[in-house]
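Remember, predicted model here, so these are calculated numbers, not experimental data. First the proteins, then the strands, lettered A, B, ... as listed; each starts at 1.
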There are 2 protein chains.
Amino acid sequence: MRVACPGCEIRNRALCAGLSDAELAPLSALKRRRRFAKGEPVIWAGDENMIFANVVSGVLKLNATTADGREQIVGLMYPADFIGRPYASSTRYNVVALTDAELCVFSRKHFEQALRTYDKLKRLLLQRTLDELDHSREWMLLLGRKTAEEKVASFLVQMARQIGRGGCARSPLDEFVLPLSRAQIADVLGLTIETVSRQMTRLRSAGVIDLPTTRSIRVLNEIALSARAEQG
Amino acid sequence: MRVACPGCEIRNRALCAGLSDAELAPLSALKRRRRFAKGEPVIWAGDENMIFANVVSGVLKLNATTADGREQIVGLMYPADFIGRPYASSTRYNVVALTDAELCVFSRKHFEQALRTYDKLKRLLLQRTLDELDHSREWMLLLGRKTAEEKVASFLVQMARQIGRGGCARSPLDEFVLPLSRAQIADVLGLTIETVSRQMTRLRSAGVIDLPTTRSIRVLNEIALSARAEQG
DNA sequence: CGTATAGTTGAGTGTCGTCAATCCTTGTGG
DNA sequence: CCACAAGGATTGACGACACTCAACTATACG
């Protein structure tokens with residue numbers, strides 16, 4: 001028996017994991033692999049020509065902006081995550097590739113058709129959406145009530161977990177490479193570049209982390225880091 | 001033909017609106033009307049004994065807290081909104097009645113059963129959850145990037161819309177009663193009581209709003225209010 | 001090797017938080 | 001009906017944390 005989407009890196013973790021090979025086969029024919037370069041926009045807020053896709057590789061940001069251009073990253077999408085907004089004609093935020101990325105793309109028509117056909121798909125998307133909602137509410141607590149140090153510590157804890165999840169290891173990593181620049185971290189945390197930088201060096205001075213390069217983090221004291229995150 | 005849930009105030013706006021009378025009938029037998037007094041907790045974070053319910057009347061808050069007790073309101077629930085967290089054993093936040101409230105309650109078992117049985121119900125819950133996610137992301141922009149004045153103005157714009165939606169009128173109201181105290185508004189906006197109060201009086205001094213009583217708002221200049229909200 | 005971009009560090013400012021006093025509202029009992 | 005108490009809201013003085021502006025350093029890239 002042939003396996004649908006042979007060689008797909010995320011077959012067992014993405015939404016498709018809820019479908020059998022037989023169920024996936026017709027959908028598989030409608031998908032389109034598409035590459036996006038670092039910095040390239042995937043969806044513009046308000047654009048009706050929306051993309052529905054699974055992230056195969058890379059990291060993307062969802063970001064909202066005020067009228068005068070201030071920016072807030074409201075979500076980060078990793079491999080196996082789903083991008084798109086069913087039941088609405090457009091999204092309220094932009095989606096931009098933070099690294100080179102590969103997506104498994106469907107048209108609105110095909111995806112919504114599949115959503116109607118496969119009950120399981122709907123359930124899985126609902127589960128994912130509920131998880132995202134929980135996550136975004138946790139982030140609201142961070143944005144509204146945490147100090148700069150707590151924000152940065154929370155971000156690093158979260159990052160260690162997320163990067164760990166993607167690889168073979170299932171536990172938080174003690175060393176990893178940030179897929180975000182300082183400016184992007186600032187946009188996630190509702191801070192400025194300078195404040196992020198200062199808090200990073202403070203954590204290093206305190207012996208909680210080390211910064212082998214500006215983009216890589218080594219967690220020296222996970223307990224201390226979690227403590228400074230005030231639950232994260 | 002008898003109508004399921006006769007006299008229910010939210011029959012046509014809540015999740016149940018997606019079900020026909022025939023479909024609703026068996027569910028209707030399993031529901032339980034329950035009243036909560038102002039300030040009474042409905043769900044505790046981490047409690048497995050979770051409630052699944054439609055809000056019939058009143059306003060409730062979802063709030064998250066840090067380990068040391070700082071509080072952030074991450075959601076407000078109005079009549080016809082749905083409360084509960086399917087596919088998880090507990091919620092990460094508390095649900096508390098802000099006013100006297102009436103809920104139409106189901107047990108986890110019955111609700112998840114219904115979710116499995118009725119495809120339409122799943123679709124409607126997915127739609128709602130996606131809407132909530134959009135809303136919470138919009139709020140992340142507010143929490144992370146807006147000034148105190150913009151936060152308060154955004155809150156008032158939003159409130160005028162929300163209260164208007166509930167009544168017969170479908171447009172934003174120019175005068176309404178706040179269901180929240182200053183302290184609760186502060187917890188929604190990630191500010192302190194004092195800052196909320198100062199911004200309110202600033203808006204009044206500027207002739208944008210009037211405050212007939214501390215709990216009621218009269219919008220004198222909706223355009224100016226929206227402008228100060230930076231899109232809300 | 002030189003330029004451009006990203007990141008760090010420093011000095012000074014401003015917005016919002018803290019602490020405290022006062023005012024207003026609401027409810028209760030004399 | 002009024003006095004009083006209690007909680008909520010407002011206002012003020014002050015301070016701190018994070019932002020702004022700026023200079024400098026490190027890293028990436030041609």
Side-chain angles (χ1 to χ4, degrees), chain A residues 37-39 61 66 68-72 98-100 142-156 177-206 209-218 228 230, chain B residues 37-39 61 66 68-72 98-100 142-156 177-206 209-218 228 230:
Chain A
K38 178 175 172 169
K61 67 171 179 178
T66 60
D68 64 353
R70 281 166 284 171
E71 201 175 309
Q72 175 69 44
L98 291 180
T99 64
D100 289 345
L142 176 142
L143 290 171
R145 291 301 184 202
K146 290 193 183 178
T147 65
E149 181 179 48
E150 289 165 351
K151 284 179 176 184
V152 171
S154 297
F155 174 79
L156 293 177
V177 175
L178 293 169
L180 307 182
S181 68
R182 294 286 185 275
Q184 288 157 352
I185 296 173
D187 283 341
V188 170
L189 300 177
L191 298 171
T192 58
I193 301 173
E194 296 92 326
T195 301
V196 171
S197 183
R198 277 186 248 273
Q199 296 302 332
M200 289 280 208
T201 59
R202 268 192 56 167
L203 288 172
R204 194 192 47 188
S205 306
I209 60 170
D210 192 19
L211 304 164
T213 74
T214 55
R215 280 287 186 126
S216 64
I217 302 285
R218 170 186 277 276
R228 284 172 197 246
E230 278 281 317
Chain B
K38 177 174 174 172
K61 67 171 178 178
T66 60
D68 64 352
R70 281 166 284 170
E71 199 173 310
Q72 174 69 43
L98 290 180
T99 65
D100 289 345
L142 175 142
L143 291 171
R145 292 301 185 202
K146 290 193 182 177
T147 65
E149 181 179 47
E150 288 166 352
K151 284 179 175 182
V152 171
S154 297
F155 173 79
L156 293 177
V177 175
L178 293 169
L180 308 183
S181 67
R182 294 287 186 274
Q184 288 157 353
I185 296 173
D187 283 341
V188 170
L189 300 177
L191 298 171
T192 59
I193 302 174
E194 295 92 327
T195 301
V196 171
S197 183
R198 278 186 248 274
Q199 296 302 332
M200 289 278 208
T201 58
R202 269 191 55 167
L203 287 172
R204 193 193 47 187
S205 304
I209 62 171
D210 193 17
L211 303 164
T213 76
T214 56
R215 280 285 187 128
S216 63
I217 302 285
R218 170 185 277 276
R228 285 172 196 243
E230 275 283 316

Separation of [X] atom [atom1] from [N] atom [atom2], in whole Å?
{"X": "B:Arg202", "N": "D:dT10", "atom1": "CZ", "atom2": "P", "answer": "15 Å"}
{"X": "A:Leu211", "N": "D:dA26", "atom1": "CG", "atom2": "P", "answer": "15 Å"}
{"X": "B:Lys38", "N": "C:dG27", "atom1": "NZ", "atom2": "C1'", "answer": "13 Å"}
{"X": "A:Arg182", "N": "D:dC19", "atom1": "CZ", "atom2": "P", "answer": "16 Å"}
{"X": "B:Ile185", "N": "D:dG8", "atom1": "CD1", "atom2": "C1'", "answer": "12 Å"}
{"X": "A:Leu178", "N": "C:dA6", "atom1": "CG", "atom2": "P", "answer": "15 Å"}
{"X": "A:Arg215", "N": "D:dC29", "atom1": "CZ", "atom2": "P", "answer": "10 Å"}

Are the charged groups of A:Lys146 and A:Glu230 less than 4.0 angstrom apart, N to O?
no
If we fit an axis to the first five pairs and another to the last five of the helix from C:dC1-D:dG30 to C:dG30-D:dC1, what angle do they make, to the nearest 10°?
40°
Straight-line distance of [X] [atom1] to [Y] [atom2], nearest 0.5 Å:
{"X": "A:Ile209", "Y": "A:Gln199", "atom1": "CD1", "atom2": "CD", "answer": "10.5 Å"}
{"X": "A:Phe155", "Y": "A:Ile217", "atom1": "CZ", "atom2": "CD1", "answer": "8.0 Å"}
{"X": "A:Thr147", "Y": "B:Arg70", "atom1": "OG1", "atom2": "CZ", "answer": "6.0 Å"}
{"X": "B:Gln184", "Y": "B:Leu98", "atom1": "CD", "atom2": "CG", "answer": "4.5 Å"}

Taking B:Arg145 as the fixed residue, which of A:Thr66, A:Asp187, A:Asp68 is the one that meets the side-chain hydrogen bond (donor to acceptor under 3.5 Å, both in side chains) rule?
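The residue from A:Thr66, A:Asp187, A:Asp68 that satisfies side-chain hydrogen bond (donor to acceptor under 3.5 Å, both in side chains) with B:Arg145 turns out to be A:Asp187.
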Can you tell me if CZ on A:Arg215 sees more than 12 non-hydrogen neighbours from other groups inside 6.0 Å?
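Result for CZ/A:Arg215: enclosed.
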Determine, for nucleotides 9-24 of chain C in 5'-to-3' order, which nucleotides have protein heavy atoms under 4.0 Å from the base (write B), from only the sugar-phosphate (write S), or from neither (write -).
BBB----SSBBB----
Could you tell me whether the side chain of A:Asp100 and the main chain of A:Ala37 form a donor-acceptor pair under 3.5 Å?
no
